Amino acid sequence: MESRQEIEKISQKGAVLITLIAAIVVIALTGSAMLYFFSTSSYGELFVNRQERAYYLAESGANYVLQQFVLNKTTNGPFPATTEFTVGNDKFIVRTYDKPGDPAHLIIKSIGVAGSGWLTTRQLVTKDIIKDAATAPGIPPVTIDPVTGKPLSFDSNNNGALDTIWTPTAGTDAKIVNTGPSGGPALQFKGDSNEIDLNPAIIYLTSAWESNGGLLSYFIQVKINIDSQGNKGDHYLLGLTFRKIDNNNFYGFSFYRSENLSKLPAWCTSAFTSVIPNNGQVYAVFWKYSGGTRSVLAYTVMDYATYGVVTSATNQTLASWSTLIIRVNERFDGPGGACRNHLTAYVVGPSNYPLGTLSWNLNSYKQITWTAVQGLNPSQSAPQQEIMEDSFTSAGFTVTRQEIGVHAFYDSNSANEQFFNDFSTAIEGMGSGGSQY
């Protein structure tokens, strides 16, 4: 028979064993819980990452479709049938169709698919695009005329009159004329000094400026046709006006030509002829009008082989309906955090985009490299493609400011051979191109 001491020892050992078993069970349960917790956390993070990846795949697919539509504006869009594109181990699936009951709108559906098997994640992006306002990804939608409901132009309702969105400056003679079977209706200027500007009472740019936190950025383009044969077109400065504070303070981006110093018109002062060679070649020029005085900021010859907007290697004749386009990108990176314009300019000849063809695919344009720079910060040495300038910015923007326009300076009061067409602008913050949902 066991003694009391032996029984107590056996009991103590049993208690220790039970405690040890209980501890092992607790540790096992704790480990399982921790494993579950960390596994759930890891899977949750994995699912979130895949959701983000699927969304960006869907967004990329929608942008790809939009770019294809801008290049070729087909009915029902470029992918009327469901089309799948593989991106590594992922994919996006796209389809386009005209909006039911409203064919002026294009619907783009894009599904991003990340992963495979039971971890597959899908995200849908749908874009509702106004066809006439469609631009390439990264460019704001084309601005719509609030009067006609169509993209801004010179005669958006085709009634043979200059749209009311335009305000001619004093002395300007501008009208819509028929230029014949090859040209059709176009804006014609008469005389040697002409300017028209967007009417701020109709094109309300203040809202765009306010919605962008006190910055105003945009793209503008226009096609130009001029007769520089015989005794016409020895001197001209034709192009786009921007950052127009008033009639004495603004920038210009133009095609410029000057030949024969003895016949200079009043506008063609030494500000141009002493800076740009007076050799009859066509130049692109960036200039400003400050306090009533013009000055050249940058220029480059429109070399035939490089830019494709002149008719021969002499560089003396502008090809009919060549396009100018400028990007005005405003940032708060000027001195002391003030506004500053970052300006890039492009041209394209009619062989790429003939009259009646509008494109916002900047990859199809020739970006200008300024081979001579005048009157800018010394750090902006030539050659360069981006000009930074802060003489005129959107700071203190007012509802009466005209901001954007077209100018036409010519060499003869009797010449009627200055034509403009296919004007368009895309203004950041105007929000007229459609929606995403």
Side-chain angles (χ1 to χ4, degrees), residues 169-172 189 191-197 220 222 224 226 228 232-302 309 315-316 318 324 326 328 341 343-345 347 368-384 386-393 402-413 415 418 420:
T169 59
T172 288
F189 288 107
D192 60 3
S193 296
N194 300 275
E195 297 173 77
I196 61 172
D197 306 298
I220 330 170
V222 74
I224 297 172
I226 184 164
S228 57
K232 296 183 292 185
D234 285 346
H235 313 279
Y236 57 76
L237 183 72
L238 308 168
L240 297 163
T241 305
F242 61 100
R243 285 283 184 258
K244 187 166 187 178
I245 298 175
D246 52 43
N247 287 336
N248 290 313
N249 297 278
F250 54 86
Y251 294 118
F253 170 48
S254 319
F255 286 128
Y256 168 78
R257 182 178 189 267
S258 181
E259 182 179 22
N260 192 342
L261 290 171
S262 65
K263 295 183 179 180
L264 293 178
W267 60 265
C268 192
T269 64
S270 60
F272 288 95
T273 57
S274 65
V275 175
I276 306 176
N278 185 258
N279 57 12
Q281 294 192 87
V282 179
Y283 291 82
V285 57
F286 169 46
W287 53 281
K288 72 176 180 180
Y289 195 51
S290 180
T293 301
R294 290 186 183 87
S295 58
V296 174
L297 299 177
Y299 67 91
T300 193
V301 67
M302 290 288 91
V309 298
N315 302 325
Q316 293 194 332
L318 184 67
L324 287 171
I326 190 162
V328 181
N341 302 302
L343 307 170
T344 48
V347 295
I368 289 177
T369 298
W370 302 106
T371 56
V373 176
Q374 303 288 133
L376 293 169
N377 187 305
S379 65
Q380 298 186 65
S381 58
Q384 66 183 55
E386 181 181 81
I387 296 291
M388 292 178 288
E389 235 286 324
D390 55 14
S391 297
F392 312 125
T393 68
Q402 293 164 314
E403 184 66 24
I404 294 171
V406 171
H407 57 265
F409 300 101
Y410 201 62
D411 60 2
S412 172
N413 284 323
Q418 310 163 72
F420 289 72

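Just so you know, these numbers use all the heavy atoms, side chains as well, and skip hydrogens, waters and symmetry mates. Given the structure is predicted, the values throughout are model-derived calculations rather than measurements.
- For the pair Glu259 (side chain) and Gly233 (backbone), a donor-acceptor distance under 3.5 Å is absent.
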| message | Let's go through Glu403 and Arg243 carefully: what are the C-alpha distance in whole Å and the side-chain angles of both, what is the deciding distance for side chain to side chain contact (heavy atoms under 4.5 Å, CB included) to 0.1 Å, and is it a yes or a no? | response | CA-CA 5 Å; Glu403 184 66 24; Arg243 285 283 184 258; 2.7 Å; yes

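- Summarising the geometry of Phe189 relative to Ala408, their closest heavy-atom pair is CD1-CB, 3.5 Å, with the distance given to 0.1 Å.
- In terms of heavy-atom proximity, Asn341 sits nearest to Asp390 at ND2-CA, 4.4 Å.
- Put simply, the residue from Ile387, Val285, Leu343 that forms a side chain to side chain contact (heavy atoms under 4.5 Å, CB included) with Trp370 is Ile387.
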Between side-chain atoms of residues 265-276 and protein atoms elsewhere (two or more places apart, or another chain), which donor-acceptor pairs fall under 3.5 Å?
{"unit_1": "Trp267", "atom_1": "NE1", "unit_2": "Tyr410", "atom_2": "O", "d": "2.6"}
{"unit_1": "Thr269", "atom_1": "OG1", "unit_2": "Ala271", "atom_2": "N", "d": "3.3"}
{"unit_1": "Thr273", "atom_1": "OG1", "unit_2": "Thr269", "atom_2": "O", "d": "3.4"}
{"unit_1": "Ser274", "atom_1": "OG", "unit_2": "Ser270", "atom_2": "O", "d": "2.3"}

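- Note that the CG atom of Asp197 and the CD1 atom of Ile404 stand 10.0 Å from one another [nearest 0.5 Å].
- Summarising the geometry, atom CH2 belonging to Trp287 is positioned 5.5 Å from atom CG belonging to Leu237; distances are rounded to the nearest 0.5 Å.
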| said: Please evaluate residues Phe286 and Ile368 with respect to the criterion side chain to side chain contact (heavy atoms under 4.5 Å, CB included), reporting the C-alpha separation (whole Å), side-chain torsions for both, the decisive distance (0.1 Å), and the verdict. | reply: CA-CA 11 Å; Phe286 169 46; Ile368 289 177; over 6 Å; no

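- Here the shortest heavy-atom pairing between Met302 and Ala284 reads CE-CB, 3.6 Å.
- In terms of the ring-ring contact (aromatic ring centres under 6.0 Å, His included) criterion, residue partners of Phe242 (sequence neighbours excluded) are, by chain and number, Tyr251.
- Using a 4.0 Å cut-off between charged nitrogen and carboxylate oxygen, Asp234 and Lys263 do not count as a salt-bridge pair.
- Note: Tyr236 OH to Tyr256 OH = 10.5 Å, rounded to the nearest 0.5 Å.
- Between Leu318 atom CG and Leu238 atom CG the span is 8.0 Å, to the nearest 0.5 Å.
- Checked against ring-ring contact (aromatic ring centres under 6.0 Å, His included), Phe253 has no partners two or more places apart in sequence or in another chain.
- Residues Val301 and Val282 approach most closely at CG2-O, 3.6 Å, considering heavy atoms.
- Checking side-chain atoms of Gln380 against main-chain N and O of Met388 turns up a donor-acceptor pair under 3.5 Å.
- Between the Thr369 side chain and the Pro383 main chain, no donor and acceptor come within less than 3.5 Å of each other.
- Separating the CD atom in Gln281 from the CG atom in Asn315 is a distance of 4.5 Å, to the nearest 0.5 Å.
- Judged by distance alone, the side chain of Thr172 and the main-chain N or O of Glu195 form a donor-acceptor pair under 3.5 Å.
- Every residue meeting the side chain to side chain donor-acceptor pair (under 3.5 Å) condition with His407, not counting sequence neighbours, appears here in chain and number order: Thr241, Ser254.
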Which atom pairs, one a donor and one an acceptor, fall under 3.5 Å between side chains of residues 288-298 and the rest of the protein, sequence neighbours left out?
{"unit_1": "Lys288", "atom_1": "NZ", "unit_2": "Ser391", "atom_2": "OG", "d": "2.9"}
{"unit_1": "Tyr289", "atom_1": "OH", "unit_2": "Gly292", "atom_2": "O", "d": "3.4"}

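- In plain terms, the two heavy atoms of Asp246 and Phe250 that are nearest each other are O-CD2, 3.5 Å.
- Side chain of Gln316 to backbone of Asn279: a donor-acceptor contact under 3.5 angstrom is found.
- Of all the heavy atoms in Leu324 and Leu240, the pair that sits closest is O-CD1, 4.0 Å.
- For Gln402, there are no side chain to side chain donor-acceptor pair (under 3.5 Å) partners, not counting sequence neighbours.
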